[in-house]
*Asks:* 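Here's a structure for you.
Convention: sequence-line order gives letters A, B, ...; per-chain numbering from 1.
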2 protein chains.
Amino acid sequence: MRGIAQLAKELGISTGTVSRALNGKRDVSDETKRKVMEAAARLGYAPNQAARALAQGTTRSIGFMIELDPETAASSDYFFMGVFDGVQSVLTRHGLDLLVLPCPTTQDRYHYLERFVARGVVDGIILASTQRVDQRVDLLQSVGVPFVTLGRSTSGQGYSWIDLDFEGVVNTSIDRLVALGHRRIALTLPFGEVNFGAVFEAAYRSALLRHGLEFDPRLMFVTRRSEQAGYRIVDEMIALEAAPTAVLLIYEVAAIGIYRRLAELGLTPGRDLSIVGLRDEPTVRFLEPSVTCFSVSLRDIGVAIAEAMLAQLPAHAGAYPPGIVQKLAHLELRAGESDGPARS
Amino acid sequence: MRGIAQLAKELGISTGTVSRALNGKRDVSDETKRKVMEAAARLGYAPNQAARALAQGTTRSIGFMIELDPETAASSDYFFMGVFDGVQSVLTRHGLDLLVLPCPTTQDRYHYLERFVARGVVDGIILASTQRVDQRVDLLQSVGVPFVTLGRSTSGQGYSWIDLDFEGVVNTSIDRLVALGHRRIALTLPFGEVNFGAVFEAAYRSALLRHGLEFDPRLMFVTRRSEQAGYRIVDEMIALEAAPTAVLLIYEVAAIGIYRRLAELGLTPGRDLSIVGLRDEPTVRFLEPSVTCFSVSLRDIGVAIAEAMLAQLPAHAGAYPPGIVQKLAHLELRAGESDGPARS
DNA sequence: CGCTCCTCCGTAAGCGTTTACGGAACTATA
DNA sequence: TATAGTTCCGTAAACGCTTACGGAGGAGCG
């Protein structure tokens with residue numbers, strides 16, 4: 001006899017009463033409630049998760065699926081830790097646990113997720129690294145599991161997502177660069193089928209159009225998230241017959257490589273080539289001259305995700321207005337010295 | 001009627017047989033086994049996790065607790081993603097899931113862990129960021145939950161751990177620097193009570209002793225994991241009456257700051273100050289001149305952790321020789337150009 | 001043919017909680 | 001005093017799965 005039964009025997013009352021007391025339900029006198037709480041704390045008792053989940057039909061935990069691609073994702077984890085913290089801060093207040101589910105490099109992301117939802121390990125799912133067309137969204141919608149995605153996708157319809165305002169970043173950047181006299185502005189795009197690549201490119205095209213600038217596909221560079229990638233594209237840009245005078249980076253870390261290559265060539269960031277990065281992560285923030293980029297609170301993004309999740313959980317209805325929420329996190333410009341007037 | 005009952009009805013057999021078939025047990029004909037498998041795949045059936053855990057008394061999942069300190073840990077996640085991948089690669093082969101448990105900044109690490117083990121959410125625990133004295137180790141040992149720590153601790157006794165060979169790194173580094181003529185070698189130490197700080201310092205002291213060099217506490221600098229920290233200590237070192245000619249970094253990322261400050265002062269890494277970093281993470285690997293540091297496979301560390309865990313799980317006895325395993329991961333020197341002959 | 005042994009399957013009792021239901025004791029009301 | 005209404009608690013049936021147990025049927029043997 002273990003668990004609640006032992007506790008009940010110890011107190012000389014029934015398991016039902018103990019359970020009610022622990023869960024703060026009615027039909028229990030304050031006196032017994034107190035006794036039970038005290039005994040539980042003293043014996044270090046906590047209700048068995050499996051039994052509780054089975055009886056209630058709910059696990060009280062939310063899964064956050066991430067991917068472990070060592071090539072590209074390895075450095076974006078920087079990103080996730082901040083988000084996790086934000087998610088946690090909200091979930092714990094509602095008695096929910098956060099379980100991070102790291103999909104191994106060798107496994108298919110769809111099947112990995114499928115197993116977890118089919119077995120009912122979590123009550124809700126948070127998805128990251130959304131692809132342009134992402135079957136996981138369709139899966140979750142069809143089985144009816146509450147979910148929120150960090151990043152948009154063209155799959156599914158009418159679901160909750162939180163994403164960075166890439167359009168805003170592109171518009172602000174291009175406006176700024178154009179105002180500085182730039183006419184040929186290069187762009188780096190993420191390798192792979194992540195959705196924000198398409199978003200970034202579309203925003204870029206429409207911004208050019210808005211300014212009456214010509215779109216030149218040779219000014220777009222697909223890169224992985226690495227310093228090396230930045231190093232390489234400098235030469236590629238220079239080799240063009242009409243080299244760009246500015247570049248907008250989807251992976252700000254590339255700035256490090258660009259700086260180094262420019263230095264080797266005797267060129268100066270902000271003078272010979274204007275550079276605008278996406279996010280002001282610490283490493284980039286430390287560069288000299290400082291990189292013009294954008295600031296966003298990762299924690300706030302996490303909070304928004306958690307709130308969007310709570311809005312979908314029946315057990316927590318009322319805490320947040322129900323319904324789908326789709327939110328773009330604003331990125332605030334942090335003007336640095338890596339961009340300046342265009343030189344011809 | 002859901003789950004296995006529905007599946008059984010569909011096939012016209014009992015739930016017991018279905019369960020046996022799905023779990024590949026005996027007492028089921030190959031014919032029915034085949035039919036059940038087929039039906040399960042067709043209907044997308046997977047046994048409910050809670051029910052299974054309750055019946056078997058085992059969750060088939062391992063928890064990996066990490067901490068979300070945005071200040072120090074945020075950038076060490078780089079580190080974790082690689083480790084996760086290694087752990088996963090082994091666990092999945094044995095039908096075990098990996099659940100990452102991120103302890104929020106606001107919560108006490110001990111109570112966070114306590115709740116998870118008391119509720120029986122996981123069969124085993126992997127601990128990171130072990131403190132010099134870490135009550136979590138005592139807790140896990142007292143309740144008898146299988147666990148492995150990534151990093152040592154002075155708490156507890158005779159438990160399994162995997163750690164970096166900090167002693168090896170220090171010895172190799174000091175030997176190398178001394179051979180280059182350095183006599184005053186500085187050291188950076190981690191902020192906080194993490195155990196590897198103490199290990200690093202102890203190894204440093206004994207290495208100095210071995211070479212007959214004087215120990216000077218003023219040559220030790222406690223730093224957080226940041227570029228900024230490196231930037232700052234340059235001035236602090238120079239300000240000393242007898243400035244060090246070399247420095248050994250616990251957080252290699254500090255090299256970035258050191259490089260920058262040296263450049264501002266018109267000094268050159270490897271000539272005016274020799275620098276040796278711990279791990280060759282991408283950002284540092286990209287510096288120019290290249291940083292002398294050490295290489296270690298994060299994935300292998302993860303693999304070792306998982307194997308140490310399996311050795312403790314009764315259900316998997318035999319897969320790996322039972323017993324505690326304590327292993328130091330070797331760090332291979334990657335000689336760069338950031339260190340050179342001492343100048344007086 | 002009778003016996004034993006093996007193969008395969010159904011039955012049902014758990015696993016540790018939660019929770020609907022009913023009932024005992026007590027209070028308030030007429 | 002009889003009745004209705006509260007308050008508190010015990011009982012037991014779920015939740016979905018696993019697994020010990022037993023039994024039916026067939027094969028193999030003497």
*Asks:* Is the closest basic N to carboxylate O distance between A:Arg109 and A:Glu193 below 4.0 Å?
*Replies:*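 No salt bridge links A:Arg109 with A:Glu193.
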
*Asks:* With sequence neighbours excluded, tell me which residues meet side-chain contact (heavy atoms from CB on, under 4.5 Å) with B:Ile324.
*Replies:* B:Ser160, B:Gln326

*Asks:* Between B:Arg115 and A:Asp97, does any side-chain N to carboxylate O distance fall below 4.0 Å?
*Replies:* yes

*Asks:* With a 4.0 Å cutoff (strictly under), does any side-chain N or O of A:Arg2 reach OP1 or OP2 of C:dG16?
*Replies:*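 Yes, within the criterion.
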
*Asks:* Can we say B:Glu38 and B:Arg34 salt-bridge, meaning some charged N sits less than 4.0 Å from an Asp/Glu carboxylate O?
*Replies:* no

*Asks:* Evaluate the criterion side-chain hydrogen bond (donor to acceptor under 3.5 Å, both in side chains) for residue pair B:Asp123 and B:Thr59; output intermediate values, then yes/no.
*Replies:* CA-CA 6 Å; B:Asp123 291 347; B:Thr59 64; 2.9 Å; yes

*Asks:* If you pin B:Leu54 and B:Val28 to their nearest nucleotides in DNA chain C, which one's is more 5'?
*Replies:* B:Val28

*Asks:* Please report the distance, rounded to the nearest Å, between CG in B:Asn48 and C1' in D:dC15.
*Replies:*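 From B:Asn48 CG to D:dC15 C1': 8 Å.
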
*Asks:* Nearest whole Å is fine: how far is D:dC9 P from A:Glu31 CD?
*Replies:* 9 Å

*Asks:* Mind calculating the distance between CG (B:Leu43) and P (D:dG16) to the nearest angstrom?
*Replies:* 16 Å

*Asks:* So for the helix from C:dC1-D:dG30 to C:dA30-D:dT1, with five pairs setting each end axis, what is the inter-axis angle to 10°?
*Replies:* 50°

*Asks:* For A:Phe116, give me all partners under ring pair (Phe, Tyr, Trp, His ring centres under 6.0 Å), at least two apart in sequence or on another chain.
*Replies:* A:Tyr112

*Asks:* So does B:Arg20 pair up with B:Asp27, basic N to acidic O under 4.0 Å?
*Replies:*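 B:Asp27 and B:Arg20: not salt-bridged.
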
*Asks:* Figure out the CG/C1' separation between B:Asp30 and C:dC9, and round it to whole Å.
*Replies:* 15 Å

*Asks:* If you compare all heavy atoms of B:Ala50 against all heavy atoms of B:Asn48, which two are closest, and at what distance to 0.1 Å?
*Replies:*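 Between these two residues, the closest heavy atoms are N-OD1, 2.9 Å.
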
*Asks:* Between B:Asn195 and B:Thr130, is the side-chain hydrogen bond (donor to acceptor under 3.5 Å, both in side chains) condition met? List the steps.
*Replies:* CA-CA 6 Å; B:Asn195 186 70; B:Thr130 46; 5.4 Å; no

*Asks:* Just the atom pairs and distances: protein N or O near nucleotides 18-20 of chain C's N or O, under 3.5 Å.
*Replies:*
unit_1, atom_1, unit_2, atom_2, d
C:dT18, OP1, A:Asn23, ND2, 3.1
C:dT18, OP1, A:Arg52, NE, 3.2
C:dT18, OP1, A:Arg52, NH2, 3.2
C:dT18, OP2, A:Ser19, OG, 2.4
C:dT18, O5', A:Ser19, OG, 3.3
C:dT19, OP2, A:Lys25, NZ, 2.4
C:dA20, N6, A:Arg20, NH1, 3.3

*Asks:* Indicate every side-chain donor-acceptor pair of residues 86-93 of chain B with a distance under 3.5 Å to a residue at least two apart or in another chain.
*Replies:*
unit_1, atom_1, unit_2, atom_2, d
B:Gln88, NE2, A:Pro102, O, 2.4
B:Ser89, OG, B:Gly86, O, 2.7
B:Thr92, OG1, B:Gln88, O, 2.9
B:Arg93, NH1, B:Ser89, O, 3.3

*Asks:* For A:Ile13 and D:dT11, what is the distance between atoms CD1 and C1' respectively, to the nearest whole Å?
*Replies:*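 Distance, rounded to whole Å: 14 Å.
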
*Asks:* Any salt bridge between B:Glu67 and B:Arg136, counting N to O under 4.0 Å?
*Replies:* yes

*Asks:* Between the protein and nucleotides 4-7 of chain C, which nitrogen or oxygen pairs are less than 3.5 angstrom apart?
*Replies:*
none

*Asks:* Taking CG from B:Leu11 and C1' from C:dC8, how many angstroms apart are they, rounded to a whole number?
*Replies:* 16 Å

*Asks:* Find the distance B:Asp123:CG to C:dC15:P and express it as a whole number of Å.
*Replies:*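 Taking atom P of C:dC15 as the reference, CG of B:Asp123 is at 18 Å.
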
